[in-house]
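Contents: one structure, followed by commentary.
Starting from 1, each residue takes its place in the sequence as its number.
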Amino acid sequence: MGKIKIGIIGGTGLSDPDILKEGKEKQVSTPFGEPSDALVVGKISGVECVLLARHGKKHTVMPTNINYRANIWALKEEGCTHVVVTTACGSLREEYKPGDLVFPDQFIDRTTKRVSTFYDGKEGSPAGICHMPMHEPYCRHVREILGEVAKELNVSHHSSGTNVVVEGPRFSSKAESKMFQMWGGDIINMTAVPEVVLANEAGLCYAAIAMVTDYDCWRDDHEPVSVESVMAIFKSNVENVKKLLLAVIPRIAAKEWDDIIEQRQAATTSNTMQHGT
Ligand code: ADE
């Protein structure tokens, strides 16, 4: 069984997770620039892990300005085979309640200002043009483990969901929120794309733990989303996210991944057109 290493990208409310005891900070640079902050390398339950705060440890990087390419590249360079991320999200469905955890399986991309490929034809970037299939953006195997463990821990969760990803930094208008519902969106956030897309290009098994913090603004009987409500709900439920992460890591490590990882890497190669081919 090959060695696995798990990258953990902590989102809003989990920027400086203390789950990695005695982690060592490691400042790295990539062909795409600097990641959001220093990596923190160490072990959780004996499994090698690398932590990265998506918005920086002091939460200074807004969604549009996150260097998603540098973040994913840095984790790949560090030897990660898996990436498990946390994020706050709004809910577009009554049954996805504030405090619930969601393991999304699909996204709808409404971002407009982000580079979503490593294969940009520039010097120093990987060669070729990559057209990654995106019918199943999130790793089904990691999602399955997340669902099993959440059930065992009795944490209120949804084992699938379509995540609408908006550019931000503003929240949506009521008309947009209702349109996203009609499109089939279940949850909404500002960071899933291009993070998940780049993880696919990098051949990483990627899954997300999204915590519902609000009902966005489509409900007439609820206060519309605000930073205050997002932070309050996240804070009061963050222990569930930490508990789940800690329990999931050894379970990921116990699975045989060699064939899955090989298939992922082969998918990147076979979907990258090289000059003259
Ligand atoms: N993150 C948390 N809640 C959100 C919302 N309603 N819209 C976009 N991103 C969010």
Locate the shortest heavy-atom distance separating D120 from S125; write the atom from each residue and the value.
OD1-OG, 2.7 Å

If hydrophobic clusters are built by linking Ile, Leu, Val, Met, Phe, Trp and Tyr wherever their side-chain heavy atoms come under 4.5 Å apart, do V102 and V241 end up in the same one?
no

Work out which heavy atom in R143 is nearest to a heavy atom in A207; give both atom names and the distance.
CG-CB, 4.2 Å

Are the side chain of S45 and the backbone of V47 linked by a donor-acceptor contact shorter than 3.5 Å?
no

Salt bridge (Lys or Arg N to Asp or Glu O under 4.0 Å) partners of K97, counting only residues at least two apart:
none

What class does the angle between the rings of F32 and W73 fall in, given that below 30° is parallel, 30 to 60° is tilted and above 60° is perpendicular?
perpendicular

E262, CD: over 12 other non-hydrogen atoms inside 6.0 angstrom:
no

Tell me the closest heavy-atom pair linking A192 and Y138, and the distance in Å.
CB-OH, 3.7 Å

Using atom types as modelled and distance alone, determine if a side-chain donor or acceptor of D100 lies under 3.5 Å from a backbone N or O of Y96.
no

Could you tell me which residues satisfy salt bridge (Lys or Arg N to Asp or Glu O under 4.0 Å) with R219, sequence neighbours excluded, listed by chain and number?
E94, D221

Nearest heavy-atom neighbours spanning G11 and T86:
N-OG1, 3.0 Å

Has K151 got more than 12 heavy atoms of other residues, nucleotides or ligands less than 6.0 Å from its NZ?
no

Working to the nearest 0.5 angstrom, can you tell me the gap between S156 OG and M211 CE?
11.0 Å

Aromatic plane relationship, Y215 with W218 - under 30° parallel, 30 to 60° tilted, over 60° perpendicular
perpendicular

Distance from D214 atom CG to S229 atom OG, nearest 0.5 Å?
5.5 Å

Within a strict 4.5 Å, meaning less than it, do heavy atoms of the P63 and Y68 side chains meet?
yes

Closer than 3.5 angstrom, by distance alone: can the side chain of R140 be matched with the main-chain N or O of D105 as a donor-acceptor pair?
no

Using a side-chain heavy atom cutoff under 4.5 Å and only I, L, V, M, F, W and Y, what cluster partners does M182 have?
none

When V142, I260, L204, I249 are each screened for side-chain contact (heavy atoms from CB on, under 4.5 Å) with H82, the one that passes is V142

Taking a hydrophobic cluster as the set of Ile, Leu, Val, Met, Phe, Trp and Tyr residues connected by side-chain heavy atoms closer than 4.5 Å, whether directly or through intermediates, do V61 and M190 fall within one such cluster?
no

What is the distance from atom NZ of K178 to atom SG of C217, rounded to the nearest 0.5 Å?
9.0 Å

With a 3.5 Å distance limit and no angle check, can you tell me whether D37 reaches the backbone of K57 through a side-chain donor-acceptor pair?
yes

With the side chain counted from C-beta on, respond yes when L75 and L39 share a heavy-atom pair under 4.5 Å apart, and no when they do not.
yes

Are more than 12 heavy atoms, taken from residues, nucleotides or ligands other than E95, located less than 6.0 Å from that residue's CD atom?
yes

Just so I know, are the side chains of P126 and Y119 near enough to count as touching, which here means a heavy-atom distance under 4.5 Å?
yes

Quick one: do R170 and E176 satisfy salt bridge (Lys or Arg N to Asp or Glu O under 4.0 Å)? Show the steps, please.
CA-CA 12 Å; R170 68 169 177 86; E176 286 170 331; 2.9 Å; yes

Can you tell which of I188, V165, V164 makes a side-chain contact (heavy atoms from CB on, under 4.5 Å) with R110?
V164

N200 (side chain) donor-acceptor with P137 (main chain) under 3.5 angstrom:
yes

Report the distance from atom CG of L245 to atom CD1 of I8, rounding to the nearest 0.5 Å.
5.5 Å

So for atom CD1, which belongs to I129, do other residues, nucleotides or ligands contribute more than 12 heavy atoms lying within a distance under 6.0 Å?
no

Taking the side chain as C-beta and beyond, is there a heavy-atom pair between V41 and E78 under 4.5 Å?
yes

Single-linkage hydrophobic cluster I66~F118, side-chain heavy atoms < 4.5 angstrom:
yes

Is the backbone N or O of T117 less than 3.5 Å from a side-chain atom of R69, with the two atoms forming a donor-acceptor pair by type?
yes

If only atom types and distance count, is the side chain of E48 paired as donor or acceptor with the main-chain N or O of K5 below 3.5 Å?
no

One should read off an interatomic distance between I9 CD1 and S36 OG, to the nearest 0.5 angstrom, of 8.0 Å

Between the side chain of H157 and the main-chain N/O of V155, is any donor-acceptor distance below 3.5 Å?
yes

Using a strict threshold of under 4.0 Å (side-chain N to carboxylate O), is an ion pair present between R251 and E152?
yes

Looking only at non-hydrogen atoms, find the nearest pair between S29 and E34 and report the distance.
OG-OE2, 3.2 Å

For residues S91 and V212, report the shortest heavy-atom separation together with the two atoms involved.
CB-CG1, 3.6 Å

Is there a side-chain contact between V85 and T191, using heavy atoms and a 4.5 Å cut-off?
no

Short question: side chain of S160, backbone of P104 - any donor-acceptor pair under 3.5 Å?
no

Do you reckon I187 sits in the same ILVMFWY cluster as I209, going by side-chain contacts under 4.5 Å, direct or chained?
no

Would you say that K243 contacts N240 through its side chain, given a criterion of any heavy-atom pair below 4.5 Å between the two side chains?
yes

K113 side chain vs T64 backbone, donor-acceptor pair below 3.5 Å:
no

Please report the C-alpha distance between V84 and I252 in whole Å, then the side-chain angles of each, then the deciding distance to 0.1 Å, and finally whether the side chain to side chain contact (heavy atoms under 4.5 Å, CB included) criterion is met.
CA-CA 10 Å; V84 180; I252 294 175; 4.0 Å; yes

T87 side chain to N189 side chain, donor-acceptor N/O pair below 3.5 angstrom
yes

In one Ile/Leu/Val/Met/Phe/Trp/Tyr side-chain cluster, 4.5 Å: V115, F107
no

Could you give the distance from CD (E201) to CE (M134), rounded to the nearest 0.5 Å?
7.5 Å

Just so I know, are the side chains of V28 and P35 near enough to count as touching, which here means a heavy-atom distance under 4.5 Å?
yes

Near K235 NZ, under 6.0 Å, is it more than 12 heavy atoms from other residues, nucleotides or ligands?
no

With side chains defined as the heavy atoms from C-beta onward, is the minimum distance between C205 and W257 less than 4.5 Å?
yes

